There are 2 protein chains.
Amino acid sequence: MPKSKICIRKICFSVETVKRLSLYLRDLRKLAKKKIQFISSNKITQLLNISPAQFRKDLSYFGEFGKRGVGYEVEKLIKKLEEILGINKEWRIAVVGVGRLGSALLRFEGFSKFNIKIKTAFDIDKKKIGKVINGIKIEDVGNLERVIKKEKIKLSLICTPPQVAQDITNRLVSAGIRGILNFAPVALKVANNVFISNVDMACELEQLIFLLNNER
Amino acid sequence: MPKSKICIRKICFSVETVKRLSLYLRDLRKLAKKKIQFISSNKITQLLNISPAQFRKDLSYFGEFGKRGVGYEVEKLIKKLEEILGINKEWRIAVVGVGRLGSALLRFEGFSKFNIKIKTAFDIDKKKIGKVINGIKIEDVGNLERVIKKEKIKLSLICTPPQVAQDITNRLVSAGIRGILNFAPVALKVANNVFISNVDMACELEQLIFLLNNER
DNA sequence: TGGCATTTGTTCCTATTTTCACAAAGTATA
DNA sequence: TATACTTTGTGAAAATAGGAACAAATGCCA
């Protein structure tokens, strides 16, 4: 399959670029906390295992944000990156499947920092439905379409068992969901106007095991 | 930075190949469950969004496993892939940080299926130390080096807050850990004989948000 | 002001990854 | 056995990503 390529106004770049923007943003926020005002591409990438040229090139797809001889103004670049990534406004998301992982995510405080608000959660288990975790009410998965549509939610996390993940995906998409972060170990099929990102812990671990197993 | 490349006996391939092998294995297991005996590169990759040529080339780095005109014997290929990945023997791992995510992982049943056994967990919280979750006793993080060495554990998950992740990493490595699956949102620095794999939910979500925000 | 030191933005080149395309090998059928 | 299909394994080509290197800006200091 061709690596997914993103083109905006004749400028094309890969999703890898976008992922790196997130990393840059994370480190810039740390720098801002330390009251550092300016940073060069050299210094910021030392922390990240990315080449300075890569950093500059990634940014160049979106404009010119630095000052020659000086570097980048930390606060300004943070603002710009938040704008580019689209996290300068609030995003409301849903979580489907409130098992171990799902409930850990409902309580995860990392999201709100990035303007991501879990608005609703769904489960099939009658014992869980109606409960409130971290201010989020667990809804009957039977009401999935209705709630998603009503709340106009466009992003969802899937934390269900793999057997039902595709069915849930179909229902989410038909209700208007356009982006899915999938934790179920299964390759989901969707129309190509829906974006999927997979978090697959078994794959990551197997990769590490392979590396350890094949040293030298 | 150069993409990490793996070379075994003059044959070189990328980590991406290894990740795909995991995906192939997962789907092959599903096929085996359905009692399907043979599968062609064409059919198996239809499920996965990967090209048939890619599948064949990925396998070709490790040998010839198919039969022309027929395809691949499912059971045999599963065995081969398990061997290649190194998951035909048991891997004992540690978990550092038993917060929401850490404790979800301690209870996660997906690991044991792949010969991955969580052997020990560490936390700093006195209230958690000594507790047993899913048969795994939570140890004082002060004993980290001692336990890791005694148990000869080579792989660890890090589920701590980001501020302490680098310190924990240093201690793990000095105790003999060679592979780390990092859930903390921070870029860890290690010697290049230690392998790191990052699971970064915020990055994944930000990527989806970017895509939704820049359609058309 | 002029010269030196930095650092960006970008072009061009190199390395890597993916795909194409086809010979070789196997199956099925008459 | 001959012929028509399938499907693999792989070298070569195409596509993509990464990095070196340098002109253009900017700051600093004498």
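Chain letters run A, B, ... following the sequence lines, proteins first and then strands; every chain starts at 1. Quantities reported herein were computed from a predicted structural model and do not represent experimental measurements.
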Is there a donor on the side chain of B:Lys5 or the base of C:dT16 sitting less than 3.5 Å from an acceptor on the other?
no
Hey, which sits more toward the 5' end of DNA chain C by its nearest nucleotide, B:Phe13 or A:Lys43?
A:Lys43
Using whole Å, what does the distance between atom P of nucleotide C:dG9 and atom OH of A:Tyr61 come to?
14 Å
When you measure from the side chain of A:Arg56, which nucleotide among D:dT8, C:dT8, D:dG18 comes out closest?
C:dT8
Could you state the atom-to-atom distance from CZ of A:Phe65 to P of D:dA25 in whole Å?
19 Å
For A:Phe108, ring pair (Phe, Tyr, Trp, His ring centres under 6.0 Å) partners two or more places apart:
A:Phe111
DNA chain D: 5'-proximal contact among A:Gly69 and B:Val70 (nearest heavy atom):
B:Val70
Looking across every strand, which nucleic acid part, if any, lies under 4.0 Å from B:Ser41 by heavy atom: base, sugar-phosphate, or nothing?
sugar-phosphate
Could you check how far CD1 of A:Ile6 sits from C1' of D:dT16, rounded to whole Å?
14 Å
Would you say a side-chain N or O of A:Tyr72 is under 4.0 Å from OP1 or OP2 of C:dG9?
yes
A:Lys57 vs D:dG19: side-chain N/O to OP1/OP2 distance below 4.0 Å
no
Quiz question: going by heavy-atom distance under 3.5 Å, is there a donor-acceptor pair between the base of D:dT26 and the side chain of A:Arg68?
no
Nearest whole Å is fine: how far is D:dT8 P from B:Asp58 CG?
14 Å
SB check B:Glu73 B:Lys67 (cutoff 4.0 Å)
no
Quick note, B:Glu64 side chain, CB onward, closest among D:dT26, D:dT10, D:dA17 is D:dT10
For residues B:Phe55 and B:Tyr72, establish whether the separation of their ring centroids is below 6.0 Å.
yes
Taking only Lys NZ, Arg NE, NH1 and NH2, and the carboxylate oxygens of Asp or Glu, determine whether A:Glu204 and B:Lys19 approach each other closer than 4.0 Å.
yes
